[in-house]
Amino acid sequence: MTALYGGIEAGGTKFVCAVGDAQGNLQTRVHFPTTTPEETLQHVFEFFDQYQLTALAIGSFGPIDINPDSDTYGYITDTPKEGWRMFDFYGSMKRRYPDLKIVWTTDVNVAAYGEYRHAQLTNQSVQDNILYTTIGTGVGSGFIYHGSLYQAYSHPETGHILVRHAPDDTFSGDCPYHGDCLEGMAAGPALEKRAGKKAQELAPDDPLWKLEAYYIAQACVDYTLQFAPAQLIFGGGVMNQEQLFPLVREEFTKLLNGYVATPNPDEYIIHARLGDNAGIVGSILLAAEAK
Ligand SMILES: Nc1ncnc2c1ncn2[C@@H]1O[C@H](COP(=O)(O)OP(=O)(O)OP(=O)(O)O)[C@@H](O)[C@H]1O
Ligand SMILES: [Zn+2]
């Protein structure tokens with residue numbers, strides 16, 4: 001019997017749970033909305049109780065505590081999301097499945113790992129240093145550094161970097177912590193507030209996309225200068241708007257103004273190959289490779 005691995009992509013809006021093999025092929029996948037921790041975990045348990053797993057990986061929305069020496073290791077920490085602040089996610093899973101190896105990391109780390117490792121396993125060319133960024137309900141990145149997930153004192157929180165307002169942009173931003181940080185200005189809910197309708201309902205040629213690209217391009221400049229990655233990969237709901245990519249590349253080139261060398265923007269700033277599956281595939285692969 002081939003080994004079966006579990007993955008959880010725990011988002012602030014929805015949870016995705018799946019089981020699959022060591023190549024990241026999904027066997028069964030389910031999703032449900034993120035409600036209270038109790039109710040949501042009940043769905044998680046109902047799903048995984050059906051399987052005999054070899055290992056499981058959780059990619060969670062955050063910020064989360066990933067420091068193994070900390071008393072609150074495995075907790076979701078400062079989220080504004082009702083009921084989830086200081087929730088012991090890893091511990092709750094461990095109590096239900098005491099003998100199971102469980103990997104605990106961020107939702108963007110599992111997606112970054114999915115993009116990296118799945119490309120390798122399917123013989124597609126992929127660099128060893130890539131920054132994966134999601135623009136969805138929130139903004140965040142996972143950094144693959146020489147083939148491994150970069151985690152230090154904590155994990156990067158690239159969504160909350162401070163950005164420069166576009167000249168006529170009077171929107172004050174909606175990040176509950178910082179107002180007009182990148183996430184506050186450019187995540188899906190910010191687009192919705194600006195437009196008065198869901199981001200997916202905006203026409204592809206709506207002028208808001210150019211404004212959106214301006215903020216994402218600033219992030220590309222910052223990430224280039226700070227991480228010096230070989231590639232900037234974007235995923236998340238908002239980035240399904242393909243028209244953003246040429247706009248972001250053009251604005252990025254202007255803003256960086258040749259200060260450092262980067263690969264050709266068409267190959268440097270790209271859409272996730274796995275699309276919306278990057279996170280769940282990555283969590284299965286992380287589980288399969290857990291030591
Ligand atoms: N096709 C689309 N075009 C533009 N915006 C979209 C599209 N699909 C989703 N969005 C926006 O992206 C946000 C949801 O992001 P996404 O679909 O990546 O979920 P998510 O951020 O993974 O959720 P979670 O926070 O639960 O992880 C919403 O604000 C939604 O309006
Ligand atoms: Zn913020």
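Nothing fancy with the numbering, it's 1 onward along the sequence. Just follow the structure's listing: the first ligand is 1, and inside any ligand the first atom is 1.
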- Query: Does atom 22 (O) of ligand 1 have a protein heavy-atom neighbour under 4.0 Å away?
  - Reply: no
- I would like to know whether E289 and R117 meet salt bridge (Lys or Arg N to Asp or Glu O under 4.0 Å); could you show each step before the answer? CA-CA 10 Å; E289 288 159 29; R117 194 68 185 122; 3.0 Å; yes
- Would one find an N or O of T13, backbone or side chain, under 3.5 Å from an N or O of ligand 1? yes
- Message: Can you name the atoms of ligand 1, numbered from 1 with element, that are less than 4.0 Å from a heavy atom of G236?
- Response: 18 (O)
- With heavy atoms of G11 as the reference, note each atom of ligand 1 found under 4.0 Å away. 24 (P), 26 (O), 27 (O)
- Return a yes/no value for G237: is any of its N or O atoms, backbone included, closer than 3.5 angstrom to an N or O of ligand 1? yes
- Q241 heavy atom under 4.0 Å from ligand 1: yes
- Item | Close approach of E192 to ligand 1, heavy atoms, under 4.0 angstrom | no
- Any idea which atoms of ligand 1 are less than 4.0 Å away from a heavy-atom of N240? 1 (N)
- Task: Please state which part of A187 comes within less than 4.0 Å of ligand 1, counting heavy atoms only: side chain, backbone, both or neither.
- Result: neither
- Item | For P189, the ligand 1 atoms whose distance to one of its heavy atoms is below 4.0 Å | 29 (O)
- Salt-bridge contact E201-K198 (side-chain N to carboxylate O under 4.0 Å): no
- Query: Do T137 and ligand 1 have an N or O pair less than 3.5 Å apart?
  - Reply: yes
- Task: Would you indicate whether H31, at its atom NE2, is surrounded by more than 12 heavy atoms from other residues, nucleotides or ligands within a distance under 6.0 Å?
- Result: no
- Query: Counting both backbone and side chain atoms, is some N or O of G12 under 3.5 Å from an N or O of ligand 1?
  - Reply: yes
